[in-house]
Amino acid sequence: MDPVVNPYTPNAGKKPPALVGRDAEIAGFEILLKRLAAGRSAKSLIVTGLRGVGKTVLLGKFEEIAAAVSWRTGTHEVTPETDIRPLMARLARSALYEISPPARWGAKAKRAAGVLKSFTLTFTPEGGVSVSLSGADQVPGKADSGDLDADLTDLLVELAEAAADHGTGVVFLFDEVQFFDRPSLTALIVALHRVVQKDLPLTFVGAGLPQLPALAGAARSYAERLFDYPTIGSLSRDAAATALVEPATELGVDFEPDAVDRALDFTEGYPYFIQEVGSVVWDLAESSPIRSSELEAAIPLVEKRLDESFFKVRADRTTELELRYLRAMAELGPGPQRSGDIAVTLGYKGSEQIGATRANLIHKGLIFTPGQGLNEFTVPQFDRYLRRTFKLERKPPMPRKKRDS
Ligand SMILES: Nc1ncnc2c1ncn2[C@@H]1O[C@H](COP(=O)(O)OP(=O)(O)OP(=O)(O)O)[C@@H](O)[C@H]1O
Ligand SMILES: [Mg+2]
């Protein structure tokens, strides 16, 4: 088929031609916005899921929905280097300018601008270089304490008041939230808590890996009640079939039913894998309908593409010991594995000796803890990749003690 019109989107965060299987999450977000607009309280959202299940795409959809009802949005992809103060200052500033042009700011928006100025002054002593707000007067005692929790709370509350005053709301959409450091995540939670108590139209949607609820809970125990935590995962068989078939149908191309079955078996309904399979088989197929023999021929190519990109970039980020740990974990199969079993597979007596390696892998986002002492890959089908690519290596034998002669 003509590669020029290939409809599939095997790219990170790229809106798929058919966004299927996420109706419940989308409806939940619409209700959240409507409640806040009506002055009712609603929980913020933290969407979690494995790599490649469509978290970024869903955040993008939420952003569209918010924009369609004229809410102001602030988006960011968090990295371990993200500095929350300048970030929030920048996002609050654009939100404030979007709420209304400064010439038409009401008293609340002017006040918010003043608070934002104080907030920026605490990190740019030379006068808020990064966030110029000419004309705004600082509000003494607001957002100027130097304490991140308190200052961010002041900023978000005033911004939300300004939005409400202008008949709109603000939603922050942050991706990869597990990369926030503890103080940043805590400040965000504390500030949102205050906004929620005041029933103001400002909310937060975070997306990230499955360890996120635990991180938020460890930062502040009430985070459990502040957020809803929808988990997204692989698509149901029907939704996965639609995701594969519909983009082709729209271009007048069909799939043989056996070909669809084969694709679904291989992808296990994971959105990213569906896009890769669709993309490869589209380029490879001669004509409509796409046959199961063509799908069969596509699968090794898809596997090669996944190995060289999706899987390899993750494996490349590990040290030798970390990779050995992952490989031992893969030996035990998919699904949660006990730390103790992994240690034994590696040739250790107990998990304590490799606790630091495990902690690093969690920190790098390659594994997460679905329950105490358990470990699971954040990347679907990573176990298969590791088994077919790397040899299981046990701990190097300890040097023998010399015998006294
Ligand atoms: N509901 C869906 N139906 C079909 N395809 C989808 C769906 N959601 C996402 N995709 C496709 O899946 C792939 C992965 O999506 P996305 O980048 O949003 O995942 P992610 O969960 O953010 O992954 P990561 O954790 O690696 O950032 C993209 O190619 C996207 O086009
Ligand atoms: Mg993503």
Side-chain angles (χ1 to χ4, degrees), residues 6-29 45-65 75-80 82 173-180 205-213 215 229-250 255 260 263-264 266-282 302 305-306 308-317 362 364-368 376-382 385:
N6 191 325
Y8 297 96
T9 54
N11 312 310
K14 179 83 175 79
K15 189 176 166 188
L19 175 58
V20 293
R22 302 293 181 234
D23 295 352
E25 291 77 15
I26 291 170
F29 181 68
L45 285 181
I46 290 191
V47 180
T48 63
L50 301 183
R51 291 285 172 204
V53 293
K55 300 178 295 296
T56 303
V57 162
L58 192 60
L59 276 189
K61 178 72 187 170
F62 288 173
E63 189 185 356
E64 266 177 45
I65 293 171
T75 60
H76 185 69
E77 183 186 320
V78 181
T79 68
T82 297
L173 303 124
F174 287 6
D175 207 354
E176 305 284 354
V177 175
Q178 74 279 352
F179 287 131
F180 263 137
V205 184
L209 294 176
Q211 67 263 37
L212 202 39
L215 292 176
Y229 293 102
T231 305
I232 62 170
S234 57
L235 300 171
S236 67
R237 203 131 175 125
D238 280 354
T242 308
L244 179 71
V245 171
E246 198 178 277
T249 313
E250 285 189 358
F255 278 82
V260 177
L264 300 193
F266 173 75
T267 61
E268 297 178 322
Y270 281 104
Y272 173 61
F273 298 162
I274 294 172
Q275 299 302 330
E276 281 288 9
V277 168
S279 175
V280 169
V281 80
W282 176 278
V302 174
R305 258 164 85 154
L306 292 175
E308 285 169 0
S309 57
F310 189 65
F311 293 125
K312 186 169 182 296
V313 291
R314 324 274 169 197
D316 281 353
R317 288 174 41 222
I362 294 174
K364 287 184 178 175
L366 286 158
I367 59 174
F368 69 101
E376 199 170 337
F377 293 114
T378 57
V379 181
Q381 301 186 355
F382 206 37
Y385 163 76

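Positions are given from 1 along the sequence. Whatever order the structure lists them in is the order used to number ligands and atoms, beginning at 1.
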Check whether any N or O atom of [X], backbone or side chain, sits under 3.5 Å from an N or O atom of ligand 1, and answer yes or no.
{"X": "F310", "answer": "no"}
{"X": "L58", "answer": "no"}
{"X": "L209", "answer": "no"}
{"X": "L19", "answer": "no"}

Judged by heavy atoms only, the candidate from P17, A240, A18 nearest atom 3 (N) of ligand 1 is A18
For atom 25 (O) of ligand 1, the closest protein heavy atom turns out to be K55 NZ, 2.7 Å
Residue, atom and distance of the protein heavy atom nearest atom 11 (C) of ligand 1 read Q275 CG, 3.6 Å
Problem set entry | Side-chain donor/acceptor of R317 to backbone N/O of K364, under 3.5 Å | yes
**Report entry** Exam field: side chain Q275 to backbone K14, donor-acceptor pair closer than 3.5 Å
**Finding:** no
Tell me, do Y272 and L306 make a side-chain contact under 4.5 Å, heavy atoms counted?
yes
Under 4.0 angstrom from ligand 1, any heavy atom of E276? no
Quick look: N11 vs ligand 1, heavy-atom contacts under 4.0 Å, and the answer is backbone
Counting heavy atoms under 4.0 Å, the part of P10 that contacts ligand 1 is backbone
- Task: Inspect the surroundings of CG in N11 and state if more than 12 heavy atoms from other residues, nucleotides or ligands are less than 6.0 Å away.
- Result: yes
